J.: 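I'd like to ask some things about the structure below.
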There are 2 protein chains.
Amino acid sequence: MSTIEDVAKLAGVSKTTVSRVLNNHPYVAENKKALVHKAMEELLYVPNSTAQRLRKQTTQTIAVLIPRISNPFFSKMVEVMENIAADNGLQLVVCQTMYDKKRELVYLDLVKTKQIDGVILASLENDWNEVNDYTNFAPIIFCNEYDDRAQVPTVRLNQFEGAYIGTKYLIDKGYNKIAKCRGNNLSGLVTDRQRGFYHALDEAGLPFSEEWTFTGVSLVEDGRRVLREIIEMENRPNAVFTGSDEVAAGIISEAGRLDVKIPDELAVMGFDDQQIAGLVTPGLTTIHQPVDQIGKRSMEVMIDLLHGKGRMDEQLTLLPLHLVERGSV
Amino acid sequence: MSTIEDVAKLAGVSKTTVSRVLNNHPYVAENKKALVHKAMEELLYVPNSTAQRLRKQTTQTIAVLIPRISNPFFSKMVEVMENIAADNGLQLVVCQTMYDKKRELVYLDLVKTKQIDGVILASLENDWNEVNDYTNFAPIIFCNEYDDRAQVPTVRLNQFEGAYIGTKYLIDKGYNKIAKCRGNNLSGLVTDRQRGFYHALDEAGLPFSEEWTFTGVSLVEDGRRVLREIIEMENRPNAVFTGSDEVAAGIISEAGRLDVKIPDELAVMGFDDQQIAGLVTPGLTTIHQPVDQIGKRSMEVMIDLLHGKGRMDEQLTLLPLHLVERGSV
DNA sequence: ATGAAAGCGCTAACAA
DNA sequence: TTGTTAGCGCTTTCAT
């Protein structure tokens, strides 16, 4: 591999001049510029980006933390983010926490060791107190997930409202025994959804049984299990608020297998409006989250931060969500 | 940020000794080691990985090229890859070509500028001749996709056989007018699938009409379009080999909407065995590709290469595929 | 067992 | 407009 010095020698100029050509500096004579370019081609010269990084103290790399990329919501989000990153000459490192606190901290350490310029948190496993310190090392922003204590830019939806309108829709359709599902952690997002759910119930004066809360539910297979558990229940709910299209799809599919009528015997409310919502039978009535916009806006906020625009302290972007009717309710 | 020099001063030793402690060298007195550790903690010292990279001439980063991450086949593949990469202290940079030749070359340039230690090609847009030169800069391997001219390690399936058994299954079920879909490019994988498809047809003495080839088809929405076109046809096929579960799901969903009976009026053969295959109605009969294994094996081959094990010239891993019956045929 | 010094490849003051 | 020089932070000979 040839270096900037080889090019300088061959072109008969100094390293500085070569560097200037490389960085499109003004004040380089055209003839020297040509000489340098010729030398570069001759030597098949390519700048070593690691050396550039060391010198410039920047990596042109940002990390996005998600639970797992095979969740369609996140893969779509990452698709959008990566496209914008690429357009801006940035690399995107995908970090899957796999719902694990330790893995999350290992990824955050990348920031300490100067391996990345910024972090987009699209999920959060640890308590914010564990994470807060990392904000000293590089810009960290929230995307979709959030925490009230965090003084960092956040791009998200009103999850309280999302859960509220979903639940209210079920209630307005006459369902009065509504179960709900959630994963394992209780993040800002999950907490707000719970609040929205209960608020709709309270408003309508409907009861809620703890028996109707399913936890640790996030995959299609979990949805199948939930349906099987529901139909075995003594006091059986007639609707379920899933908080996830994957879970909802599992419920619907299993219902088809076991000949449980959707929505007559059980109404199913999804969340996300993933592609699958339009492919199951019946189609999934769900809360549409504008995942493209969330991903796009988040990456833009991050890029602004990297360019010194925008402030690191609180700055909230709230995106709209809405209900999509398809037939499962 | 404190550097190795700060630590050395505070501990009263040389930079060299600190570096030795950092790298678990033998021949460091226990008491000095303790001194160094204490100084590190006191200063909240973290090594700067860019400096390490420059010195060691390695990045601990590998890139994976895919069309787009939101294709469930690839998101699952990347999930597996990233987990193994993380376990081995490697970062995974996701590179979406978006089916674009230029973007693919931009990503391959990462290798030239020493930004990554290796490339996993899970798709290929350019002709291999365009790509071959890059093998001089870093290890490049094929995963799933492949090209006969490439002398690089390849982890893949027998796509000829996959297409053959899928098509033969349709024929054995009595379907005799079989359409097929493909995307836009004609890679090694796609070419082999075509050969397998035609081989089964020839063997059975079945005719094929060019009218029954749909190209530029890769998304759910494309599948919907294909179904609409098929039912308008004069000489209408009674089965379709899609080459993609997403396309197949689109066909099935649109058939449901338009009240076309699957498989009676149209049999649908998928490819991949994505999650969605078990969620549509009827379930998708499809060719199972062991995506977990492909991803896992590819990353292992790459890691071996990085460790100097394994040879860069031809080395083929062929993984098994099989048909899964579900009801769409 | 430890340290001095060279240098990985590049950029940016500063000087000329 | 160009070049000299001093590092960015780390690892690794080579001495001792």
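Values in this document were obtained by computation on a predicted structure and should not be read as measured data.
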J.: For residues 72-91 of chain B, tabulate all N or O donor-acceptor pairs below 3.5 Å that involve a side-chain atom, not counting sequence neighbours.
T.:
from	atom 1	to	atom 2	distance (Å)
S75(B)	OG	P72(B)	O	3.2
K76(B)	NZ	E79(B)	OE2	3.4
E79(B)	OE1	S70(A)	OG	2.2
E82(B)	OE1	Q96(A)	NE2	3.1
E82(B)	OE1	R103(A)	NH2	3.4
E82(B)	OE1	Y107(A)	OH	3.2
E82(B)	OE2	Y107(A)	OH	2.4
N83(B)	OD1	R103(A)	NH1	3.1
N83(B)	OD1	R103(A)	NH2	3.2
N83(B)	ND2	E79(B)	O	3.2
N88(B)	ND2	I84(B)	O	2.8
Q91(B)	NE2	Q115(A)	OE1	2.6

J.: Do the two ring centres, one from W128(B) and one from F142(B), sit under 6.0 Å apart?
T.: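 Yes - the distance between ring centres of W128(B) and F142(B) falls below the 6.0 Å cut-off.
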J.: Any luck finding a side-chain donor-acceptor pair between Q159(A) and Q289(A) under 3.5 Å?
T.: yes
J.: V119(B) pairs by side chain to side chain contact (heavy atoms under 4.5 Å, CB included) with which of I140(B), I141(B), V93(B)?
T.: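 Passing option: I140(B).
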J.: Using a strict threshold of under 4.0 Å (side-chain N to carboxylate O), is an ion pair present between R53(A) and D117(A)?
T.: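 No.
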J.: What I want to find out is whether E300(B) reaches K296(B) closely enough, with some N-O distance under 4.0 Å, to be called a salt bridge.
T.: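 Yes, this pair counts.
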J.: Can you see if the side chain of T17(A) gets near the phosphate of dG3(D) - specifically, an N or O under 4.0 Å from OP1 or OP2?
T.: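 For dG3(D), OP1/OP2 do have a side-chain N/O of T17(A) under 4.0 Å.
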J.: Summarise how protein sits on nucleotides 8-16 of chain D as a single string, 5' to 3': B when a protein heavy atom is under 4.0 Å from the base, S for sugar-phosphate-only contact, - for no contact.
T.: BBBBB----
J.: Check whether any side-chain heavy atom of L44(A) sits under 4.5 Å from a side-chain heavy atom of S2(A), and report yes or no.
T.: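 The answer is no, as the side chains (C-beta and beyond) never meet within the 4.5 Å cut-off.
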J.: Anything under 4.0 Å to a heavy atom of chain B counts; send over the first and last such nucleotide of DNA chain C, read 5' to 3'.
T.: dA1(C) to dG9(C)
J.: So if I apply the side chain to side chain contact (heavy atoms under 4.5 Å, CB included) rule between S123(A) and each of C143(A), S187(A), P67(A), C95(A), which one comes out positive?
T.: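 Result: among C143(A), S187(A), P67(A), C95(A), P67(A) is the only option passing the side chain to side chain contact (heavy atoms under 4.5 Å, CB included) with S123(A).
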